[in-house]
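Below is one structure; the comments refer to it alone.
Keep in mind that what you see is a predicted model, and the values were worked out from it rather than measured.
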Amino acid sequence: MNGTTHMLLTNLLFHNLSTRQTIFKNTFWLTLGTGVHKLFALILVIYAARILGAEGYGQFSFALAFASLLMIFSDLGLATIVTREFAREEKRDEWYAILSLKFVLALGTFLVVAVCSLFVAQNPEVQLIILVLALFLLANGLLDTVQSFFHARQKMEYAAAFEILQALLMFGFGIFALLRFPSPLSFSYAYLLSAVCASVFAAFFFHFKIFPLNLKWNVLVWKKFLRMSWPLALVSAFGF
């Protein structure tokens, strides 16, 4: 590949030069990231079902479905609102407040899941799987918040990179758990580890590449964004 071709590809896929080129670039990266994630997830699920069997994979699926059902309280439509609002203007103080709000919502949601798991599952191992997968979904939610900022700033290549990274981590950890410790609980830990690692990498990247991360407890900003996001949260609740 000569220098001219390399420059053309770099401009096409990594820079926002015009409306048409930006749309093409964003579509390419979103399609690539989603496609790779779905492909590896499909292969992993098929393999997990074969290794864990009907009962083991059934426990995992039930725990994941139940934890996912309550994850609406950890986001309340904020990811979509962040994408919309930060596409207009980059406000660091509001971003810091949103991060603190996400941590508060995550903690509250985890407590709700922990209490509810005691009533929906009699098996202590299934209860633990629910808690592990709840932590996985919460870590994933924090990653989604960072992704929403990338979407707002038209940096889909960053979003795709971390989506692919998480897919590879989940696949690698998942296969290792199924081969060495074939149980629904160890498989759940593999999911959690992949989300935590991807979130940590994304946080470090954001901190050094975009701007330093910080937390600010600003109730006024919380109210502002929750006032805008609650209709989306209501729609998601009805969808669930």
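- In this structure, the ring of Y191 has its center no less than 6.0 angstrom from the ring center of F173.
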Fill in: Verdict with supporting geometry, K224 and E94, salt bridge (charged side-chain N to carboxylate O under 4.0 Å, His left out)
CA-CA 10 Å; K224 171 187 173 181; E94 290 191 348; 2.8 Å; yes

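- P182 and I51 make their closest contact through CB-CG2, 3.8 Å (heavy atoms, listed as atom of the first residue, atom of the second, distance).
- No donor-acceptor distance shorter than 3.5 angstrom exists from the side chain of S188 to the backbone of V132, with no hydrogens or angles considered.
- Closest non-hydrogen pair, I130 versus A63, comes out as CG1-CB, 3.6 Å.
- Hydrophobic clustering places L105 together with W217 (ILVMFWY residues linked when any side-chain heavy atoms are closer than 4.5 Å, directly or through intermediates).
- Within the 4.5 Å cutoff, no side-chain heavy atoms of V113 are placed close to those of L133.
- Here the side chains of F187 and F181 are not in contact, with every heavy-atom distance at 4.5 Å or above.
- Under the 30°/60° scheme for interplanar angles, the aromatic rings of F206 and W95 are found to lie parallel.
- Side-chain heavy atoms closer than 4.5 Å link hydrophobic residues (I, L, V, M, F, W, Y) into clusters, and following such links, possibly through other members, connects V221 to L215.
- Counting heavy atoms from C-beta outward, I129 and F62 have side chains that stay 4.5 Å or more apart.
- Between M156 and F150 there is no side-chain heavy-atom pair separated by less than 4.5 Å.
- Nearest heavy-atom pair, S186 versus A177, reported as atom, atom and distance to 0.1 Å: O-CB, 3.7 Å.
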Worksheet item: Given Y96 and N214, is the side-chain contact (heavy atoms from CB on, under 4.5 Å) satisfied, shown in steps?
Response: CA-CA 6 Å; Y96 295 149; N214 199 354; 3.7 Å; yes

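- Side chain of S100 to backbone of A97: a donor-acceptor contact under 3.5 angstrom is found.
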Discussion item. For H151 and L30: C-alpha separation, side-chain torsions, deciding distance, then whether side-chain contact (heavy atoms from CB on, under 4.5 Å) applies.
Written reply: CA-CA 10 Å; H151 292 172; L30 286 177; 3.9 Å; yes

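- Between E163 and V36 there is no side-chain heavy-atom pair separated by less than 4.5 Å.
- Using modelled atom types, one finds no donor on one side chain facing an acceptor on the other under 3.5 Å when comparing S148 with T145.
- Between A48 and L178 the shortest heavy-atom distance is CA-CD1, 3.7 Å.
- A donor and an acceptor atom, one from each side chain of Q166 and N140, are located under 3.5 Å apart.
- Shortest non-hydrogen contact noted between L169 and A198 is CD1-N, 4.0 Å.
- Ring-plane geometry between F171 and F40 is classed as perpendicular, the angle between the planes exceeding 60 degrees on a 0 to 90 degree scale with a lower cut at 30.
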Practice prompt. Take L185 and E125 through the test side-chain contact (heavy atoms from CB on, under 4.5 Å) and record every step on the way to the result.
Written response: CA-CA 7 Å; L185 181 57; E125 183 175 355; 3.9 Å; yes

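- Separation of the F205 and Y158 ring centroids falls under the 6.0 Å cut-off.
- No side-chain heavy atom of F103 sits less than 4.5 Å from a side-chain heavy atom of I98.
- The minimum heavy-atom distance between F201 and L165, with the atom names listed, is CD1-CD2, 3.7 Å.
- L52 places none of its side-chain heavy atoms less than 4.5 Å from the side chain of Y47.
- Under a 3.5 Å cut-off, the side chain of S117 and the backbone N or O of A114 do form a donor-acceptor pair.
- At a threshold of 4.5 Å between non-hydrogen side-chain atoms, the residues V120 and V126 do not count as touching.
- One hydrophobic cluster holds both F60 and I43 under the rule that ILVMFWY side chains link at heavy-atom gaps under 4.5 Å.
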Worksheet entry | Stepwise side-chain contact (heavy atoms from CB on, under 4.5 Å) check, F136 with L193 | CA-CA 8 Å; F136 154 70; L193 187 59; over 6 Å; no

